[in-house]
Trainee: 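The structure under discussion is supplied below as structure tokens; questions concerning it will follow.
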Protein chains: 2
Amino acid sequence: MAATSTREKIICAADLLFYQQGFSHTSFADIAKAVNISRGNFYYHFKSKDQILSAVISLRRSNTHLLLKKWELCTAQPNLRLLSFIQLLQLNQDNILRYGCPVGTLCAELIKLDHPANSDARMILTLYRTWLRRQFSALGHKTQADNLALHLLTQSQGIATLASAFNDRTYLSRQILLLQQWLDKLLNQETIPVS
Amino acid sequence: MAATSTREKIICAADLLFYQQGFSHTSFADIAKAVNISRGNFYYHFKSKDQILSAVISLRRSNTHLLLKKWELCTAQPNLRLLSFIQLLQLNQDNILRYGCPVGTLCAELIKLDHPANSDARMILTLYRTWLRRQFSALGHKTQADNLALHLLTQSQGIATLASAFNDRTYLSRQILLLQQWLDKLLNQETIPVS
DNA sequence: GTCTATACGCCGATAGAC
DNA sequence: GTCTATCGGCGTATAGAC
């Protein structure tokens with residue numbers, strides 16, 4: 001964990017800057033400054049800006065995968081795992097208020113740029129979708145699992161967008177509470193039998 | 001309606017291009033090409049790119065205001081007015097699938113650019129919020145009016161983000177249907193009395 | 001009002017010394 | 001592996017002819 005390679009430092013800094021400033025608005029100069037290396041040295045590690053983007057998306061996919069894995073290992077009950085997902089909004093509230101959702105805003109930007117990495121970025125959303133579906137399925141909501149997963153994803157995207165647009169912490173807190181209540185209510189009603 | 005001034009043509013073209021390509025990714029050359037004028041001629045009408053953005057946001061605010069006014073004039077029942085809002089997602093489904101929500105994506109971009117026009121852009125969202133609140137209020141949901149308005153706004157933002165990210169028309173259609181059902185269910189239950 | 005020509009800076013990318 | 005120097009291109013913006 002100690003020695004971090006320059007390559008890793010670049011990816012890490014780019015990850016943060018892409019989130020805060022957007023991909024196209026972040027220049028090599030910005031990243032170079034953050035990592036404290038010269039611009040020229042960049043091209044030893046990456047041949048183009050698109051390759052950095054690609055590496056950043058890979059990192060995010062990997063991190064998301066690890067996070068979901070961790071939730072699955074550390075939390076036995078699927079309903080508590082779903083709660084972890086909702087609480088992620090709370091945990092990252094400061095960043096969400098300032099910069100929105102890292103995944104949603106990146107996808108939105110890449111779509112407008114008509115960038116080929118777009119399909120790669122959306123896979124992060126699919127990771128969440130599949131994982132959420134699995135939890136709902138385990139809770140007995142077999143037929144509705146995917147729709148319920150999409151509902152949670154839709155909500156979190158909408159919440160992140162409006163929270164940052166309005167820069168309203170009260171709104172964000174309230175929406176998180178409502179999501180938790182929605183989940184509670186859903187799971188306390190009897191499960192729909194697979195007829 | 002016939003004679004459109006060059007200035008109006010520029011704003012109109014910029015409006016569309018900012019939506020499709022994003023603000024910072026749209027160059028003067030792009031707009032000039034769309035309007036069929038030279039780049040230099042631009043600066044007769046606008047002193048800077050920011051001034052064009054400002055004009056575009058003004059246009060969008062004005063258009064939104066007119067649309068909401070129209071709905072209020074043409075539709076007597078507030079519940080049908082709310083339906084008009086939901087059906088706007090359906091009407092613009094092709095564009096939403098390709099470019100997301102014009103307001104949400106612009107706000108997200110301006111936030112990342114730390115652009116001063118950000119607060120101006122978010123006023124469009126506030127226009128919708130206030131109007132929606134008024135409709136819910138007229139339907140008897142006095143205390144919950146703002147929360148219900150925010151729910152509709154949150155949903156539409158989330159739906160637009162995911163629909164474009166996944167480029168999934170089926171998802172979009174289904175979410176619109178669910179929104180309509182949510183509204184139906186809400187309005188057919190007895191209204192909460194103001195105790 | 002519209003044009004051409006041009007200034008000037010930033011960005012992505014390359015070459016080559018150390 | 002890291003540096004400096006530099007290229008070519010595009011982007012915003014200006015000057016000035018018509």
Side-chain angles (χ1 to χ4, degrees), chain A residues 2-59 106 109-110 112-118 120-121, chain B residues 2-59 106 109-110 112-118 120-121:
Chain A
T4 326
S5 73
T6 302
R7 190 191 149 87
E8 281 166 336
K9 275 193 238 169
I10 291 173
I11 297 173
C12 202
D15 182 27
L16 185 62
L17 285 168
F18 288 174
Y19 177 36
Q20 295 173 337
Q21 309 184 345
F23 167 67
S24 59
H25 191 243
T26 300
S27 69
F28 279 15
D30 292 332
I31 306 174
K33 198 179 162 192
V35 186
N36 238 310
I37 60 166
S38 74
R39 260 180 308 160
N41 188 13
F42 252 101
Y43 293 84
Y44 172 79
H45 303 281
F46 297 96
K47 277 177 198 155
S48 72
K49 196 182 177 185
D50 283 355
Q51 282 198 3
I52 299 182
L53 175 63
S54 194
V56 166
I57 294 176
S58 281
L59 175 70
L106 180 64
E109 183 179 2
L110 295 182
K112 303 233 175 194
L113 299 182
D114 203 18
H115 197 287
N118 171 21
D120 228 31
Chain B
T4 326
S5 72
T6 302
R7 190 192 150 85
E8 283 166 335
K9 275 194 237 168
I10 290 173
I11 298 173
C12 202
D15 182 26
L16 186 62
L17 284 168
F18 288 173
Y19 178 34
Q20 296 173 336
Q21 310 184 344
F23 167 67
S24 60
H25 192 243
T26 300
S27 68
F28 279 13
D30 291 331
I31 306 173
K33 196 179 163 191
V35 185
N36 237 311
I37 59 165
S38 74
R39 262 179 306 160
N41 188 13
F42 251 103
Y43 293 84
Y44 173 77
H45 303 281
F46 298 95
K47 277 176 198 156
S48 71
K49 198 183 175 185
D50 283 354
Q51 282 199 2
I52 300 182
L53 175 63
S54 193
V56 166
I57 294 176
S58 281
L59 175 70
L106 181 64
E109 183 179 2
L110 295 182
K112 303 232 174 192
L113 299 181
D114 203 19
H115 197 288
N118 171 21
D120 229 30

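Everything quoted here is computed from the prediction, not taken from an experiment. Letters A, B, ... mirror the listed sequences (proteins, then strands); counts begin at 1.
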Trainee: Indicate yes or no: at least one non-hydrogen side-chain atom of Phe42(B) is less than 4.5 angstrom from one of Ile52(B).
Mentor: yes
Trainee: By nearest heavy atom, map Tyr44(B) and Asn41(A) onto DNA chain C; which one lands nearer the 5' end?
Mentor: Tyr44(B)
Trainee: Let me know the distance between CG of Leu53(B) and P of dA13(D), rounded to the nearest Å.
Mentor: 12 Å
Trainee: Output the rounded distance in Å from CZ (Arg7(A)) to P (dT2(D)).
Mentor: 13 Å
Trainee: State, to 0.1 Å, how close Arg7(B) and His45(B) come at their nearest heavy-atom pair, and which atoms those are.
Mentor: NH1-O, 3.6 Å
Trainee: Just how far is it from atom CD1 of Ile11(B) to atom OG of Ser54(B), taken to the nearest 0.5 Å?
Mentor: 9.5 Å
Trainee: Show each protein N/O and nucleotides 10-14 of chain C N/O combination with a separation under 3.5 Å, one pair to a line.
Mentor:
residue	atom	partner	partner atom	Å
dG12(C)	OP1	Lys49(A)	NZ	3.0
dG12(C)	OP2	Phe28(A)	N	2.8
dA13(C)	OP2	Lys49(A)	N	3.0
dA13(C)	N7	Tyr43(A)	OH	3.2

Trainee: Tell me the bend of the helix from dG1(C)-dC18(D) to dC18(C)-dG1(D) as the angle between end helix axes, each from five pairs, rounded to the nearest 10 degrees.
Mentor: 0°
Trainee: Measure the distance from CD on Gln51(B) to C1' on dT12(D) and round it to the nearest whole Å.
Mentor: 13 Å
Trainee: Figure out the CD1/P separation between Ile10(B) and dT12(D), and round it to whole Å.
Mentor: 14 Å
Trainee: Less than 4.5 Å apart, side chain to side chain, heavy atoms only: is that true for Leu106(B) and Val56(B)?
Mentor: no
Trainee: Evaluate side-chain contact (heavy atoms from CB on, under 4.5 Å) for Asp50(A) paired with His115(A), printing each intermediate quantity in order.
Mentor: CA-CA 9 Å; Asp50(A) 283 355; His115(A) 197 287; 2.9 Å; yes
Trainee: Check whether any side-chain N or O of Gln51(A) sits under 3.5 Å from a backbone N or O of Lys47(A) as a donor-acceptor pair, and report yes or no.
Mentor: yes
Trainee: Can you check whether Leu110(A) reaches Leu53(A) side chain to side chain, under 4.5 Å on heavy atoms?
Mentor: yes
Trainee: Round to a whole Å and report the spacing from CZ of Phe42(A) to P of dA15(C).
Mentor: 19 Å
Trainee: Taking NE2 from His45(A) and C1' from dC3(D), how many angstroms apart are they, rounded to a whole number?
Mentor: 12 Å
Trainee: Show every donor-acceptor pair shorter than 3.5 Å between a side-chain atom in residues 16-37 of chain B and any protein atom, with sequence neighbours excluded, or say none if there are none.
Mentor:
residue	atom	partner	partner atom	Å
Tyr19(B)	OH	Asn95(B)	O	3.2
Tyr19(B)	OH	Gly100(B)	O	2.6
Gln21(B)	OE1	Thr26(B)	OG1	3.4
Ser24(B)	OG	Glu109(B)	OE2	3.0
Thr26(B)	OG1	Leu17(B)	O	3.3
Thr26(B)	OG1	Gly22(B)	O	2.6
Ser27(B)	OG	Ala29(B)	N	3.4
Ser27(B)	OG	Asp30(B)	N	3.2
Ser27(B)	OG	Asp30(B)	OD2	3.3
Asp30(B)	OD2	Ser27(B)	N	3.1

Trainee: If only side-chain N and O atoms of Thr6(B) are considered, is one of them under 4.0 Å from the OP1 or OP2 phosphate oxygen of dG1(C)?
Mentor: no
Trainee: Rounded to the nearest 0.5 Å, how far apart are NZ of Lys112(B) and CG of Asp114(B)?
Mentor: 12.5 Å
